[in-house]
Asker: 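Structure in structure tokens, see below.
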Amino acid sequence: VTVNIHSAGEINSTLLSDYDILIIPNPGSAYTEDEVEAIKSFVEDGGALLIMGNYYAHFDPSYIENITKDYGIGWYDAEVLDETNYDYKHYNPIIHTWTSTNVAKFVSNNSDYEVEAASSTALYWTGVNDSSKPVYIVGTGDSDTYVEFSNGTQKVLGEDTIVFMAVDIANGGRIFASGSSAMFRSDYVYYYLDHKWDTSAFAMKVFHWLMGRGLCISNYEAPDKLLLNQMTLINVTI
């Protein structure tokens, strides 16, 4: 792939027409209405969007939720915390709970990955969902994961704490929303290249899914062994 960084000027349809993926990592200001419409048109026309936040001290949901709400993805002004499954501090939760959707199975290597979601905010489903643009919950907290809101209040959401969501639009457009941007940033080497977890492999799987690089095996069921002349069935999900 060829990667270009857009550091100044308005995002518009002419600019986006040259690209397959738009990456928005935790923006520091809001997009204009024209920019929002250009981004949404880009996705509706088959483009892919990777969009990320971070917890409330570094993130304002109003900056990006006008892009994703029509697709069923909302953002809390909150921080994801876990005091039993974390790395270094409890604000670096390890996401190891994955849904049964094909998107989740693919990006999590069939629910095998453990991913460090450093300084993550929580996402939520807005209630929007239809067959032309289904929204999927992908990765969540575990039984004791909780959320702390910007006003200091805390709420134990457990597996209802959503960190990763995805939208697979019928025309080929795709959205992947992540509560953490650290795992996609190579300048955060501690998070991205930490071989203790599957963070970098997960990041590459997300890009693979967004780019739709051909058919992939997302899940299979097969016996551990066969006897001579024995027949069996192998189930493969593509």
Side-chain angles (χ1 to χ4, degrees), residues 1-80 91-92 107 115-123 126 133 135 150 163-169 171-193 199-200 202-213:
V1 298
T2 299
V3 181
N4 291 317
I5 298 174
H6 179 74
S7 56
E10 183 183 64
I11 292 177
N12 54 49
S13 296
T14 301
L15 173 70
L16 294 174
S17 65
D18 290 332
Y19 298 96
D20 301 306
I21 299 180
L22 172 64
I23 304 169
I24 300 178
N26 194 35
S29 60
Y31 291 95
T32 66
E33 290 185 10
D34 288 343
E35 287 180 308
V36 170
E37 289 306 311
I39 293 169
K40 291 165 71 174
S41 294
F42 170 73
V43 174
E44 294 289 343
D45 290 338
L49 171 64
L50 171 60
I51 189 165
M52 298 165 271
N54 276 107
Y55 80 105
Y56 58 82
H58 303 285
F59 173 69
D60 188 332
S62 66
Y63 291 168
I64 58 175
E65 64 183 3
N66 53 353
I67 299 173
T68 62
K69 268 198 169 183
D70 286 346
Y71 300 99
I73 299 174
W75 306 76
Y76 283 126
D77 195 11
E79 181 176 21
V80 177
Y91 50 72
N92 296 331
V107 298
V115 176
E116 181 176 356
S119 302
S120 179
T121 192
L123 285 63
T126 66
K133 51 181 180 182
V135 58
S150 58
V163 176
F164 305 121
M165 296 182 73
V167 182
D168 197 357
I169 301 173
N171 70 347
R174 287 180 166 178
I175 299 172
F176 194 91
S178 172
S180 171
S181 67
M183 68 189 64
F184 295 98
R185 293 178 55 176
S186 59
D187 59 330
Y188 278 24
V189 175
Y190 178 78
Y191 303 117
Y192 181 70
L193 296 178
T199 307
S200 58
F202 168 79
M204 296 307 297
K205 282 272 194 178
V206 169
F207 279 114
H208 192 139
W209 180 78
L210 284 169
M211 290 188 289
R213 293 295 190 192

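Residue numbers start at 1 and run along the sequence shown.
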Asker: Does the side chain of Y19 pick up a donor-acceptor pair with the side chain of N4 at under 3.5 Å?
Answerer: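 Side chains of Y19 and N4: pair found under 3.5 Å.
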
Asker: For residues T126 and Y71, determine if any side-chain heavy atom of one lies less than 4.5 Å from a side-chain heavy atom of the other.
Answerer: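 They are not in side-chain contact.
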
Asker: Look up atom CD1 in I51 and atom CD1 in I73, then write down how far apart they are to the nearest 0.5 Å.
Answerer: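 Nearest 0.5 Å value for the CD1-CD1 distance: 8.0 Å.
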
Asker: Which heavy atom of V167 sits nearest a heavy atom of K133, and at what distance?
Answerer: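 The pair with the smallest heavy-atom distance is CG1-O, 3.8 Å.
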
Asker: Are the side chains of Y31 and I24 in touch, meaning some heavy atoms are under 4.5 Å apart?
Answerer: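 A side-chain contact under 4.5 Å exists here.
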
Asker: Between F202 and F164, is the gap from one ring center to the other below 6.0 Å?
Answerer: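 Aromatic pair counts; centres sit under 6.0 Å.
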
Asker: How long is the straight-line distance from OG of S17 back to CG of D45, given to the nearest 0.5 Å?
Answerer: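 That separation rounds to 10.0 Å.
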
Asker: Sequence neighbours left out, what passes side chain to side chain contact (heavy atoms under 4.5 Å, CB included) with D18? Give chain and number order.
Answerer: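 Partners of D18 under the side chain to side chain contact (heavy atoms under 4.5 Å, CB included) test: none.
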
Asker: Is the backbone of I11 close enough, under 3.5 Å, to the side chain of E35 for a donor and an acceptor to pair up by distance?
Answerer: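 Yes; judged by distance alone, with no hydrogens or angles, the pair exists.
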
Asker: Within the structure provided, determine whether F207 and I23 are in side-chain contact (heavy-atom separation under 4.5 Å).
Answerer: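 Sidechains of I23 and F207: in contact.
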
Asker: Is there a donor-acceptor contact under 3.5 Å linking the side chains of D77 and S150?
Answerer: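 On atom types as modelled, these side chains qualify, holding a pair under 3.5 Å.
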
Asker: Using modelled atom types and a 3.5 Å cut-off, is there a donor and acceptor pairing between side-chain atoms of S181 and backbone atoms of N26?
Answerer: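 Side chain of S181 to backbone of N26, a donor-acceptor pair under 3.5 Å: no, none is there.
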
Asker: Donor-acceptor check, side chain of S180 to backbone of N54, threshold 3.5 angstrom: yes or no?
Answerer: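 Absent.
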
Asker: Counting distance only, does the side-chain N/O of H208 pair as donor-acceptor with the main-chain N or O of L210 below 3.5 Å?
Answerer: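 Not at all, since once roles are kept as given, no pair shorter than 3.5 Å links the two residues.
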
Asker: Decide yes or no for S178 and F184: does some side-chain heavy atom of the first lie under 4.5 Å from some side-chain heavy atom of the second?
Answerer: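 They are in side-chain contact.
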
Asker: Taking the side chain as C-beta and beyond, is there a heavy-atom pair between Y55 and Y91 under 4.5 Å?
Answerer: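 When only atoms from C-beta onward are counted, Y91 and Y55 do not touch, as no gap falls below 4.5 Å.
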
Asker: Just by distance, do the side chain of T199 and the backbone of E116 share a donor-acceptor pair under 3.5 Å?
Answerer: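 Judged by distance alone, yes, a pair lies under 3.5 Å.
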
Asker: Which heavy atom of A166 sits nearest to which heavy atom of F176, and what is that distance?
Answerer: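 It is CB-CD1, 4.0 Å.
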
Asker: Between S62 and D60, do the side chains contain a donor N or O and an acceptor N or O under 3.5 Å apart?
Answerer: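 Indeed, the side chains of D60 and S62 share at least one donor-acceptor pair under 3.5 Å.
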
Asker: Determine whether S120 and E79 make a side-chain contact, defined as any pair of heavy atoms from C-beta on separated by less than 4.5 Å.
Answerer: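 A side-chain contact is absent here, since even the closest heavy-atom pair is not under 4.5 Å.
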
Asker: Mind checking the CG-CG spacing from L22 to L16? Nearest 0.5 Å is all I need.
Answerer: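 Atom-to-atom, L22:CG and L16:CG are 5.5 Å apart.
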
Asker: I want to check something: taking the side chain as every heavy atom from C-beta on, are V43 and R174 in contact at a cut-off of under 4.5 Å?
Answerer: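 Sidechains of R174 and V43: no contact.
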
Asker: Determine whether the side chains of W75 and T121 contain a donor N or O and an acceptor N or O closer than 3.5 Å.
Answerer: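 Result is no, nothing qualifies.
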
Asker: If you define the side chain from C-beta out and look only at heavy atoms, does anything of I39 sit under 4.5 Å from V36?
Answerer: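 I39 does not reach V36 side chain to side chain.
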
Asker: Can you tell me if K69 uses its side chain to pair, donor with acceptor, with the backbone of I64 under 3.5 Å?
Answerer: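 Such a contact is absent between K69 side chain and I64 backbone.
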
Asker: Taking all non-hydrogen atoms of both residues, which atom of M183 and which atom of A203 are closest, and how far apart?
Answerer: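 Looking at all heavy atoms of both residues, the closest pair is O-CB, 3.9 Å.
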
